[in-house]
Amino acid sequence: KKREKIRRLHARKMTTFVVVLLFLLGSCTGEVRKEDVDDEDFDEFEFDFGDEEEEEAEIENDYDEDSESEEDDEEDMIVEDEFDSEEFEDDSQDGQKKRKGSSDSDELEILESTVEIKPVWEAYITEVCIVLGIILYFSNYILGKTKSTQIAETWAAVNMNVLKDNFTIVGDDGEGDTPTEAHVVRRADNSFTIWASGRVNCDGLLIHIELMKRHDLFSILYGIVRPSFDTVSFIFQLANADMDTIICAVSPHKTAAKIQKDYDDISNFCSGIRSGDKHGLPNSFSVLSESFDAANSVLSGQISSFLSKHADLFMSLHVSDQYTGLKEDGSEDSDNIVVKQPERRIHLTFKLPAKTEESMELLLFALKFLDHVKGVRLSREGKDKAQKNRQKVIHNQEKLQHQQRQEAAQQRRDEKRKADKDKILYETDPDKARKLEEKEHKKQLKKNSAKMKQMKVRMG
């Protein structure tokens with residue numbers, strides 16, 4: 001069909017060319033006059049050359065579309081019809097030429113990359129730092145914990161003989177019916193305690209070894225800004241007959257205000273802070289006491305001289321027959337004030353010395369100070385003043401408790417009155433609501449009449 005269309009097109013072109021040639025020849029020889037020629041005679045020979053060009057373009061487009069459809073059919077399905085081998089060879093040659101032309105035009109230009117390729121280990125620098133940080137933290141934890149344990153056990157080993165010479169039971173862990181000996185109890189990774197009992201002038205001794213947090217890497221870094229120290233505290237618990245009415249505390253001047261604020265007994269009974277030079281101590285020390293006589297009795301010549309000699313190790317001294325511990329947060333503003341039972345305590349706190357001889361010397365001083373406090377007796381005037389102060393504090397505490405009980409009772413009455421009003425408000429039965437209102441009204445009248453009677457009696 002395509003070839004027939006092409007042949008017809010060529011035939012029409014040849015016919016047109018012949019007619020035009022004849023027309024030109026006739027006009028040149030003059031055989032045909034212009035006026036005798038009728039236009040209608042040549043209508044059958046007129047041809048639209050524009051239409052012929054459009055038809056030719058349509059035929060070529062159809063041919064191209066048919067060739068593309070044939071290539072698609074060859075890829076997607078198998079054509080079973082017979083075809084001309086010469087035409088297939090021509091098409092295959094044309095396809096090869098097209099592929100060669102496309103391959104020549106599609107040649108890739110390889111450009112050098114401007115991106116710098118980093119080494120493999122730099123891509124994982126964040127993960128490497130995290131892993132190293134974790135390894136460092138746990139390594140420091142193990143080493144710090146081991147170091148703290150060694151320090152506590154070394155102190156116990158050095159002073160164990162002195163403790164056994166002064167106490168019957170040393171190192172009991174408090175577990176089981178039978179007491180154990182030479183046992184250092186671990187309260188935390190940096191906190192250790194040793195309990196001893198069975199000595200005159202005291203019910204027991206608790207030795208608390210508080211060390212720096214060597215196992216905590218963050219605490220070590222924070223210690224660079226605010227240094228901390230290893231400390232050892234001697235806490236004696238006394239019976240009622242082993243101490244007179246004494247409240248006295250000694251500390252460096254920087255921590256005196258904090259001690260007065262934190263402890264109930266000192267804040268209630270010790271009003272002022274005096275300099276240590278008035279009691280034979282360095283100027284860097286402050287003294288808090290209930291009376292001047294009590295401080296002089298506690299800080300005798302030998303005691304003050306020892307504290308002055310070891311001023312670099314001394315941290316605090318606290319003697320009290322009204323010891324109730326540290327203040328609880330918000331205890332003054334709390335709704336329920338609990339009156340704690342006071343105890344008789346002696347607290348001595350020192351920095352842990354590096355030398356073993358000094359650590360033993362501090363223990364011997366603590367035992368000596370215990371015996372010294374046992375023999376302190378106030379004058380009659382000082383003792384009477386101390387008793388009045390204690391009665392005054394007890395009265396204030398009872399007054400606060402009474403006020404709290406009244407407030408609690410008033411709160412309960414208000415809640416009951418509110419519940420009655422809500423009951424009347426939400427009552428659906430009008431008769432019941434009216435009866436409840438009358439009952440509430442009578443109750444209010446009775447209450448007001450009782451108040452009027454009380455006023456009349458007072459006026460009479």
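If you're wondering where the values come from, they're calculated on a predicted model, not measured in any experiment.
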- On the 0 to 90° scale, with breaks at 30° and 60°, tag the His318-Tyr263 ring pair as parallel, tilted or perpendicular. perpendicular

Residues [X], [Y]: salt bridge by 4.0 Å N-O rule:
{"X": "Lys355", "Y": "Glu357", "answer": "no"}
{"X": "Asp203", "Y": "Arg344", "answer": "no"}
{"X": "Asp321", "Y": "Arg390", "answer": "yes"}

[Y] and [X] side chains, donor-acceptor separation under 3.5 Å:
{"X": "Ser316", "Y": "Ser251", "result": "no"}
{"X": "Ser275", "Y": "Asp277", "result": "yes"}
{"X": "Glu398", "Y": "His402", "result": "no"}
{"X": "Tyr141", "Y": "Asp189", "result": "yes"}

Would you say that [X] contacts [Y] through its side chain, given a criterion of any heavy-atom pair below 4.5 Å between the two side chains?
{"X": "Thr356", "Y": "Trp155", "answer": "no"}
{"X": "Ser286", "Y": "Val250", "answer": "no"}
{"X": "Leu352", "Y": "Thr231", "answer": "no"}
{"X": "Ile235", "Y": "Leu205", "answer": "no"}
{"X": "Thr168", "Y": "Arg199", "answer": "no"}

- Task: Answer yes or no for Arg274 and Phe292: cation-pi contact, defined as NZ/CZ to six-membered ring centre under 6.0 Å and angle to ring axis within 45°.
- Result: no

- Mind checking salt bridge (Lys or Arg N to Asp or Glu O under 4.0 Å) for Lys385 and listing every partner two or more places apart, or none if nothing turns up? none

[X], [atom1]: over 12 other non-hydrogen atoms inside 6.0 angstrom:
{"X": "Gln302", "atom1": "CD", "answer": "no"}
{"X": "Glu381", "atom1": "CD", "answer": "no"}
{"X": "Arg405", "atom1": "CZ", "answer": "yes"}

- side chain to side chain contact (heavy atoms under 4.5 Å, CB included) assessment of Cys129 paired with Tyr124: CA-CA 9 Å; Cys129 292; Tyr124 298 96; over 6 Å; no

Could you pull out the closest heavy-atom pair between [X] and [Y], with the gap in Å?
{"X": "His372", "Y": "Ser297", "answer": "NE2-O, 3.2 Å"}
{"X": "Leu362", "Y": "Pro353", "answer": "CD1-CD, 3.9 Å"}
{"X": "Leu307", "Y": "Leu317", "answer": "CD1-CD1, 4.3 Å"}
{"X": "Ile303", "Y": "Val298", "answer": "CG1-O, 3.9 Å"}
{"X": "Gln322", "Y": "Ser320", "answer": "N-OG, 3.0 Å"}
{"X": "Glu290", "Y": "Cys270", "answer": "N-SG, 3.6 Å"}

How far does [atom1] of [X] sit from [atom2] of [Y], to the nearest 0.5 angstrom?
{"X": "Gln260", "Y": "Asp265", "atom1": "CD", "atom2": "CG", "value": "11.0 Å"}
{"X": "Asn166", "Y": "Asn161", "atom1": "CG", "atom2": "CG", "value": "11.0 Å"}
{"X": "Arg226", "Y": "Ile224", "atom1": "CZ", "atom2": "CD1", "value": "14.5 Å"}
{"X": "Ser304", "Y": "Asn296", "atom1": "OG", "atom2": "CG", "value": "9.5 Å"}

- Output field: ring centroids Phe285/His279 closer than 6.0 Å: no

- Item | is_close_aromatic(His310, Phe350), centroid dist under 6.0 Å | no

- Query: In this structure, which one of Phe234, Phe306, Phe314 forms a ring-ring contact (aromatic ring centres under 6.0 Å, His included) with Phe365?
  - Reply: Phe306

- Would you check, one step at a time, whether the test side chain to side chain contact (heavy atoms under 4.5 Å, CB included) holds for Asp244 with Val376? CA-CA 7 Å; Asp244 206 348; Val376 171; 5.6 Å; no

- Could you go step by step and tell me if Phe192 and Thr149 meet the side chain to side chain contact (heavy atoms under 4.5 Å, CB included) rule? CA-CA 8 Å; Phe192 304 86; Thr149 305; 4.1 Å; yes

- Query: In this structure, which one of Lys213, Arg214, Lys147 forms a salt bridge (Lys or Arg N to Asp or Glu O under 4.0 Å) with Asp230?
  - Reply: Arg214

